[in-house]
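Positions are given from 1, in the same order as the sequence printed here. Quantities reported herein were computed from a predicted structural model and do not represent experimental measurements.
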Amino acid sequence: MCAQNKSASTAAAPPICWSTSVEHIIKATLYTYICHRSVTSAIDSVSPYSATIYALIGLYTLRMIKNEVELTMKRLQRKLPPGYLGFPILREIEFIRTISSGGIMKSLYDKRNKYGTLFTQSFFGGTSIMAGGQDDLNWLFNNDRKALTEIAWPPNIVMLLGPGAVANQTGRYHRVLRRLLEPYFAPRFVANYLKCMDETTSDELESWCAAGEFHSSEVFKMYALRLFYVSAFGHVDEDMIASLHDDFKQWLGGFMSFTTKQIPGTSFATAMNARDRILNTVDVLIDKFMAENPEDSERAQITIMGRLIYGKDKDNNRVMTRDEMKDNILNLIFAGHDTTYASISTLLYHLSENKDAMDALAAEVSTLSDPLTADELRNAPVLNACIHESWRCDPPVAGSFRKAVKELHHKGYSFDAGAQFNYSILMATTDEQLYKSHEKFEMRRFLPKEHALYSSDIDSGIDPFQGRSSYPIFGGGTHVCLGKAFAQLELRVLATRLLKGYKVEVRNPEKVHFPVNGWNIEFKLTKRKSC
């Protein structure tokens with residue numbers, strides 16, 4: 001077992017982890033043997049076809065030998081933390097098996113127990129450094145703010161999000177986009193959507209209840225799309241929403257692709273075709289918005305859609321091209337379509353498994369005024385504690401990616417420019433040093449001290465509203481999620497309206513890990529007698 005290093009970024013060099021260094025020596029020896037046999041067979045072969053195959057194998061293994069030698073040197077020079085990388089193809093198969101079997105958390109726990117919160121792993125064929133401790137995330141987020149790291153999604157995700165998406169941007173243009181958009185994602189601005197959110201939510205709940213049957217949590221995806229559409233346009237186009245829903249399901253299938261080759265029939269080709277159809281739909285949405293809402297209209301000024309379309313920089317120049325608008329609107333819809341669905345179904349799952357929390361929340365929301373106000377929702381202690389704890393237990397997005405722009409130093413390691421980092425939100429929110437009994441849903445950990453249900457035994461001492469590295473549900477650094485306030489408001493509204501007016505029954509929970517993390521459920525609503 002390798003020694004864990006928990007010291008600061010300026011720490012002395014950690015001991016070399018020989019167990020993971022020996023891995024590269026063994027693999028290099030094996031590849032050398034295969035290379036030797038391939039070259040010998042190529043020379044002795046009487047068939048040009050066979051000779052070519054053996055020669056190609058020899059060249060491939062030469063490349064692999066070079067790679068293993070380089071990795072060995074990085075280990076010895078302390079440029080890579082400990083961590084087993086495995087054999088090509090076999091490790092990718094194991095990665096897919098781990099995710100599909102629900103073993104991702106066990107895998108993270110095992111590696112954290114063995115290596116600490118900073119370790120090396122293989123991800124989508126490349127070498128990545130996993131960072132999951134509070135100090136690791138602080139270090140990454142600070143470097144992000146200093147422009148010493150930049151966003152580094154896997155190539156397939158970069159293509160699916162689009163070249164113009166703010167999630168793919170770095171440097172000056174990213175700062176310009178953030179300055180343009182951040183004011184319109186702030187809590188006070190997002191409060192403008194409360195009325196239409198409330199009306200849409202009330203209609204949805206009434207419809208689900210009237211059906212008198214169990215619904216799949218998939219309906220939350222359509223609900224999220226309706227929220228987006230009514231927030232932008234003030235009304236709903238069901239045909240447009242159904243089209244977007246179907247295309248997004250295919251688009252998401254490309255997130256697990258190991259290639260960016262658009263080979264007909266593959267999941268990535270299908271996803272990119274779906275992306276083209278989504279962009280065509282977004283084109284129609286932009287034209288529709290501009291026709292109904294001129295630049296000086298109220299909706300153009302007070303909606304996120306209006307700011308994306310008409311937004312200008314300090315010199316009064318349009319910030320985005322048409323293609324950039326489309327990429328960013330696609331990303332906004334995606335964020336609502338899937339992370340909202342995961343957040344709602346996961347919250348209902350945890351409430352159904354924790355009756356005390358469900359009862360406390362129902363009691364609190366029954367006292368909230370009608371119509372709802374943004375300030376009252378924000379200051380409802382049990383409501384926010386339940387939402388924050390649900391996100392802590394099952395963050396919708398498991399992590400994100402960064403790349404070093406120049407040489408960086410942390411915990412005694414020196415990371416070359418170009419080093420890839422994968423920070424883990426899952427590891428941060430299950431850190432026993434931060435969260436006592438982290439494996440349990442315990443909303444009391446986020447209650448204020450003056451609340452009747454507060455317990456010092458479980459208090460985390462962490463303020464989730466701050467969203468720091470101890471609670472990085474929405475990421476951190478310069479790429480912290482723009483939609484944080486919007487996501488919080490829509491979940492507050494739904495949870496409040498649901499438990500104000502209905503009783504909920506949940507069955508058949510199923511854990512899911514990708515492309516979003518959370519729970520699938522089936523649910524049934526019945527009206528409360530007082531309603």
Show me the side-chain donor-acceptor pairs of residues 184-194 shorter than 3.5 Å, one per line, residues at least two apart or across chains.
unit_1: Asn192; atom_1: ND2; unit_2: Phe189; atom_2: O; d: 3.0
unit_1: Tyr193; atom_1: OH; unit_2: Ile304; atom_2: N; d: 2.6

Practice problem: Check step by step if salt bridge (charged side-chain N to carboxylate O under 4.0 Å, His left out) holds for Asp246 and Arg277. | Solution: CA-CA 10 Å; Asp246 293 342; Arg277 292 193 299 274; over 6 Å; no
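In this structure, Phe421 has its ring center closer than 6.0 angstrom to the ring center of Trp139. Two rings, from Phe523 and Phe220, have their centers less than 6.0 Å apart. Taking the six-membered ring where the residue is Trp, the centroids of Phe141 and Tyr423 are separated by under 6.0 Å. Side-chain rings of Tyr471 and Phe446 approach one another, their centers coming within less than 6.0 Å.
At most 12 non-hydrogen atoms from other residues, nucleotides or ligands lie less than 6.0 angstrom from NZ of Lys249. Atom NZ of Lys195 has 12 or fewer neighbouring heavy atoms from other residues, nucleotides or ligands inside a 6.0 Å radius. A 6.0 Å sphere centred on CZ of Arg178 holds more than 12 heavy atoms belonging to other residues, nucleotides or ligands. Counting heavy atoms of neighbouring residues, nucleotides and ligands inside a 6.0 Å radius, atom NZ of Lys440 does not exceed 12 of them.
Asn520 places no side-chain N or O within donor-acceptor distance of the main-chain N or O of Pro509, the cut-off being under 3.5 Å. Put simply, the side chain of Ser366 gets close to the backbone of Ala363: a donor and an acceptor are under 3.5 Å apart.
Sorted by first then second residue, the side-chain hydrogen bond (donor to acceptor under 3.5 Å, both in side chains) pairs that include residues 349-360, not counting sequence neighbours, are His350-Asp394, Lys355-Asp359. Counting only residues at least two apart or in different chains, side-chain hydrogen bond (donor to acceptor under 3.5 Å, both in side chains) contacts with residues 154-169 are absent. Note on residues 207-218: pairs passing side-chain hydrogen bond (donor to acceptor under 3.5 Å, both in side chains), not counting sequence neighbours, are Glu218-Lys221.
Using a 4.0 Å cut-off between charged side-chain N and carboxylate O, Glu442 and Arg445 make no salt bridge. A salt bridge links Lys312 and Glu295; the closest N-O separation between the charged side-chain nitrogens and carboxylate oxygens is under 4.0 Å.
Classified by interplanar angle (parallel below 30°, tilted 30° to 60°, perpendicular above 60°), the ring pair His388/Trp391 is tilted. Taking the six-membered ring where the residue is Trp, His235 and Phe233 present tilted rings, their angle falling between 30° and 60°.
Nearest heavy atom pair, residue Ala271 against residue Trp251, reads CB-O, 3.4 Å. Listed here is the closest heavy atom pair of Leu491 and Ile344: CD1-CG1, 3.5 Å.
By the salt bridge (charged side-chain N to carboxylate O under 4.0 Å, His left out) test, Glu490 is found to be paired with no residue, residues two or more places apart in sequence or in another chain being considered. Listed by chain and residue number, nothing satisfies the salt bridge (charged side-chain N to carboxylate O under 4.0 Å, His left out) test with Glu505 (two or more places apart in sequence, or in another chain).
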